[in-house]
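Notes follow the structure.
The analysis underlying the following values was restricted to heavy atoms, covering all of them including side chains, and did not include hydrogens, waters or symmetry mates.
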Amino acid sequence: MKDYLKTLFEDASNKLDYLKINNAFFTIPNQKGHGDLSTNIAMILTKELKKNPREIANEIIENLNYDSTIIEKIEIAGPGFINFTFTPIFLSKIISQINEEKSAFGTSKKYFGKKANVEFVSANPTGPLTVGHGRNAVIGDTVANLLESVGYDVDREYYFNNAGRQMRVLGESVQLRYKALLGETVEFPEEYYQGEYIKEIAQLLIDEFGDKLLSEKDETVFKSKAETEIFKEIKATLENLDIKMKIFYNENSLYEEGKIDYVLAQFKEKDLSYEKDDAIWLKLTELGNEQDKVIVKSTGEPTYRLPDIAYHITKFNRGYDLIIDVFGSDHNATFPDVKAGIKALGFDAEKVDVLIHQFVTILEKGEVVKMSTRKANYITLDELTASVGKDVVRYFFNMRSLSSHLNFDIDLAKKQSEENPVFYLQYAHARISSILRVTIEQDLHASFVNFNLLNTEAEINLMKKLHQFQNEVLYSAENYEPHRIANYLEELAASFHRFYTECRILGSEVRLAEARISLVQAAQIVLKNGLSILGVTAPDSM
RNA sequence: GCGCCAGUAGCUCAAUCGGAUAGAGCAACAGCCUUCUAAGCUGUAGGUUAGUGGUUCGAGUCCACUCUGGCGUACCA
C-alpha cells in the first residue's frame, strides 16, 4: 500500500516541486474512519509554503493520478491530514502474493550483497549461561534473523577471553575442588567460584587422571579443562534455543597475531598515547571523550579497551558493512572509548551499532533474585529453557523493547497458561492448520478468483494486517526492534481470531468458502514467517 | 557529583523521523460453544502518560529543571 502511494507522490512531484523535497511519510491511523494510510505532509509543508495546510492538501490530491480500482477514496481531515482508503479488491491481491511467495513473503532484497556481523552473548567461559545472558542471546539471534530477512549475509559471532584473571581464579577453583574430592583439606576462598559445576569438572578430571594431578603446581590443566567443559555446555545451551554461532573469536588470537601490538604502535605513531605512572594512556580527551583512559596497565597487561579496539578492527578488515554489538546495560560505559579509538585509527565507526539492552529482573515467588555467577546464585538459562520451553523463552525475551527493563516472572512463565501470549499466536496457527485439514476432507480448496466476496469487516481487517507485514519486517530490521514483530503478530493473530469467530468456511457457499481458504492460508504463512523471525515454532496442533 | 536507560490503566508493556479520541494482554465484571480447536470471541470498567515549566498549528514523544528506580562512572570485563 505504501509503495503505491510513494509512486503516486513521486509522479505528482513532477508537477509540484515541493513534493520533491519531502519524503512522503505515511502512517497507519489508529482511529477507524481515518482511512488505511494517512500522511501529514501538507501540515509539514505549511511553514515552507506559507499556505493553509488544507489548501496544500487539496492541491496535492488534485495532482495525484490514482487508479480508482486501487484507491477507494482520499479525504482531507482534521487540521490537514490526507487519508487514503483502499478498495477491498486491491487489498485482497495480497492473498495471492503471499500464497505465491510463501516463506519468502515479508523478506526483501534491500540490503542484498551486504555483509553484517552480529556479536552477542560473548560471555567468558567461567560458568553456565544465566537467565541474564538469555536476553542478550535471544535479541542477538533475532536481530540477526531480521537482518537476514532484509537481505544481509549475517555472521553470528561470540567473542571470548580465556586468559584473564577471572579464568585464573576459575582454574584455581577447580584445582581446589579436585584436591578436596581426593580427600585433602582445603580452604575454599569466598571469592572463588562456588557453583556445583566446578565440582563436576573436578570429578571429570578425577575420572580421567585419578590423583595424578595433585602434583600440578599451577592451575593451567584445570583451567583448560574447565574452559572446554563450560564451552561445551554454553554451546548446548544456545542450541537449545536454536542459536548457532558461526564464529567463536578468541581474544587471545589478537595477541598471537600481533594485532594488539599493531594497534598500540598505531596510537603511538599518531601521538594518541602517552606514558604516565608506568601505564600507557589513550588521549581520549583529544578524541572528544571525557577523560583519558589506561590501555596498558603498569603491570604490562592491556585493559579491555585495547583488545576491544583491535577486535573491532578485525571486523572492519573482515569486510563487514554492518557491525552490531549486543551488550547489557552494564557495558554502556565501555563503548564510547572503543568507538573513539576505532575512529582515530581511520575506520568508519558509523558502521558499528551498539545495542544496549536493559537488565532482566528475575522474580521468583514475587521476590527479586539477585544473580551472580561467582556466588553461584543464579538460575541457568538451561533450567529456564527446560522448564518453560524454547518458544516461551524466545518470545518472552523478544516481546519488549531493548531499552525497557524486563521483568521475568519465573512462576508466571512456568505456568504455561493462557496468560502467556506466545500461545495466543501459536493457537492461531494451529487453528488454521486444523481448518485446512478439515476442508481438504470436504474437498474444498484454496481459490484465488472470487476475492470480491471477501467483504466483511473482519475479512478486510485481516487483509489490511497482512499488508503491513513487509513494512514491519523492514522497519524492525532497520531499527533493530524485534519486539515490533511480536506486537505485530499479536495484532495479526487477533485479526484472525476475530475472523474465525465471525466468518465460517464450512457451510458457506463454495466460492466464498474457497476464497476464505486462501485468505486463512495467507494468514498462516505470515504467522509462520513472523514466528520464524522470532525463532518460535508454529505448531499444527495444540 | 557526572553519564546512559527507564517512569504510561491494579499488574506487565505498546504507541512507526512530534499527529487526529494514548492502545493491547493479564487481573475484575457481564455475556457467547448441537456446526471448521472456547489456549477463542463480544461488551463494561479502568488514565492529569512521575511532576513543573518551555518549544508549536499539535507533545507520552523534543528542551530545561525536579522526584523515583536500574546500570555505569577502574591500571575489572
Side-chain angles (χ1 to χ4, degrees), chain A residues 23 25-31 33-34 38-40 43-44 46-47 52-53 77-81 83 122-124 161 164-166 251 276-281 290-291 293-305 307-308 328-336 356-359 361 399-407 409 412 416-428 430-439 441-442 444 468 471-472 475-476 479 481 483-484 486-487 490-491 493-494 496-498 500-508 513 516-517 520 541-542:
Chain A
N23 283 332
F25 186 63
F26 302 99
T27 57
I28 297 166
N30 47 23
Q31 204 64 36
H34 289 162
S38 175
T39 180
N40 58 354
M43 288 179 295
I44 290 171
T46 301
K47 241 181 223 166
N52 180 312
F81 292 97
N83 296 334
S122 295
N124 287 337
N161 172 14
R165 204 186 92 241
Q166 288 308 316
E251 179 182 327
K276 193 180 90 181
D277 305 332
D278 293 329
I280 300 176
W281 296 68
E290 294 247 319
Q291 47 187 335
K293 295 277 175 63
V294 170
I295 49 175
V296 181
K297 300 185 233 175
S298 54
T299 60
E301 273 181 299
T303 65
Y304 73 89
R305 293 181 192 89
D308 266 15
S329 65
D330 55 338
H331 282 66
N332 73 39
T334 70
F335 205 75
I356 304 277
H357 61 84
Q358 296 302 306
F359 267 31
T361 306
M399 66 195 272
R400 304 298 181 219
S401 67
L402 302 198
S403 59
S404 155
H405 292 263
L406 194 149
N407 272 353
D409 187 327
L412 187 83
Q416 292 212 30
S417 68
E418 73 284 350
E419 290 168 47
N420 214 321
V422 63
F423 297 125
Y424 184 74
L425 307 186
Q426 294 184 315
Y427 184 58
R431 256 185 162 178
I432 294 172
S433 291
S434 174
I435 294 171
L436 296 176
R437 281 192 295 269
V438 175
T439 51
E441 282 168 20
Q442 311 252 335
L444 287 165
Q468 276 176 246
N471 272 314
E472 287 294 334
Y475 190 91
S476 303
N479 295 285
E481 293 187 328
H483 76 282
R484 291 189 63 96
N487 289 344
E490 286 183 31
E491 289 170 15
F496 165 73
H497 285 307
R498 232 167 285 137
Y500 180 89
T501 308
E502 289 171 26
C503 305
R504 305 202 60 82
I505 291 175
L506 297 186
S508 292
R516 282 178 173 169
I517 290 172
V520 299
S541 65
M542 286 174 76

Any Y424(A) side-chain N or O less than 4.0 Å from OP1/OP2 of C41(B): yes
Over 12 non-hydrogen atoms of neighbours within 6.0 angstrom of CD in E491(A): yes
Quiz item: N83(A) side-chain donor-acceptor pair to A20(B) base, under 3.5 Å: yes
Touch class at under 4.0 angstrom, heavy-atom based, for N30(A) against every strand present: sugar-phosphate
Pairwise P distance, U16(B) and A59(B) [rounded to whole Å]: 15 Å
Aromatic ring of H34(A) stacked on base six-ring of A20(B), 5.5 Å, 30°: yes
Length of the CD1-P vector between I435(A) and G40(B), whole Å: 15 Å
Pairwise P distance, C76(B) and U66(B) [rounded to whole Å]: 34 Å
Residue mapping more 5' on RNA chain B - nearest nucleotide basis, Y500(A) or N487(A): N487(A)
Separation of the C1' atoms in U68(B) and A74(B), to the nearest angstrom: 28 Å
Distance, C1' atom - from A38(B) to A45(B), rounded to whole angstrom: 23 Å
Any R431(A) side-chain N or O less than 4.0 Å from OP1/OP2 of A38(B): yes
Heavy-atom donor-acceptor pair, S434(A) side chain to A430(A) backbone, under 3.5 Å: no
Nearest-nucleotide pick for H405(A), side chain only, options being A6(B), G72(B), A15(B): A6(B)
Gap in Å between the two C1' atoms, one belonging to G47(B) and one to A14(B), rounded: 15 Å
Phosphate OP1/OP2 of U35(B): any R504(A) side-chain N/O under 4.0 Å: no
Sugar-phosphate, base or nothing in reach of I28(A), heavy atoms under 4.0 Å: base
Nearest listed nucleotide, side chain of E290(A), among A38(B), C2(B), C41(B): C2(B)
Sugar-phosphate, base or nothing in reach of S298(A), heavy atoms under 4.0 Å: base
Length of the CG-C1' vector between N407(A) and C13(B), whole Å: 10 Å
Modelled atom types, side-chain donor and acceptor of R400(A) and H405(A), under 3.5 Å: no
Touch class at under 4.0 angstrom, heavy-atom based, for H483(A) against every strand present: sugar-phosphate
Phosphate-side-chain proximity, S403(A) and A6(B), N/O vs OP1/OP2 below 4.0 Å: yes
Base-pairing string, 5' to 3', of RNA chain B - Watson-Crick or wobble, under 3.5 Å, | interstrand: (((((((..((((.....[...)))).(((((.......))))).....(((((..]....))))))))))))....
Ring-face cation contact, Y500(A) with R431(A), 6.0 Å cut, 45° max: yes
Qualifying residue, where the test is side chain to side chain contact (heavy atoms under 4.5 Å, CB included) with E251(A) and the options are N124(A), D308(A), N161(A): N161(A)
Anti/syn call for C32(B), syn if |chi| within 90°: anti
Any S401(A) side-chain nitrogen or oxygen under 4.0 Å from OP1 or OP2 of C13(B): no
Candidates G72(B), U37(B), G19(B) - which lies nearest the side chain of P79(A): G19(B)
Sugar-phosphate only, base, or nothing, as touched by S38(A) at under 4.0 Å among non-hydrogen atoms: base
C76(B) OP1/OP2 closer than 4.0 Å to side-chain N/O of K297(A): yes
C1'-based separation of U52(B) from U21(B) [nearest Å]: 26 Å
Residue closer to the 5' end of RNA chain B, M43(A) versus Q166(A) (nearest nucleotide): M43(A)
d(OH, Y427(A); P, C41(B)) in whole Å: 9 Å
Sugar-phosphate, base or nothing in reach of T303(A), heavy atoms under 4.0 Å: sugar-phosphate
Base C13(B) to side chain S404(A), donor-acceptor N/O within 3.5 Å cut-off: no
Pairwise P distance, A64(B) and C2(B) [rounded to whole Å]: 13 Å
Over all atoms of both residues, closest heavy-atom pair of Y424(A) and A493(A): CE2-CB, 3.7 Å
Interatomic distance, E490(A) CD vs A14(B) C1' [rounded to whole Å]: 9 Å
Gap separating the CD atom of Q468(A) from the CD1 atom of I28(A), nearest 0.5 angstrom: 3.5 Å
Stacking check F81(A) vs A20(B) (5.5 Å / 30 deg): yes
Sugar-phosphate only, base, or nothing, as touched by A77(A) at under 4.0 Å among non-hydrogen atoms: base
Between G69(B) and C75(B) - C1' atom distance, rounded Å: 32 Å
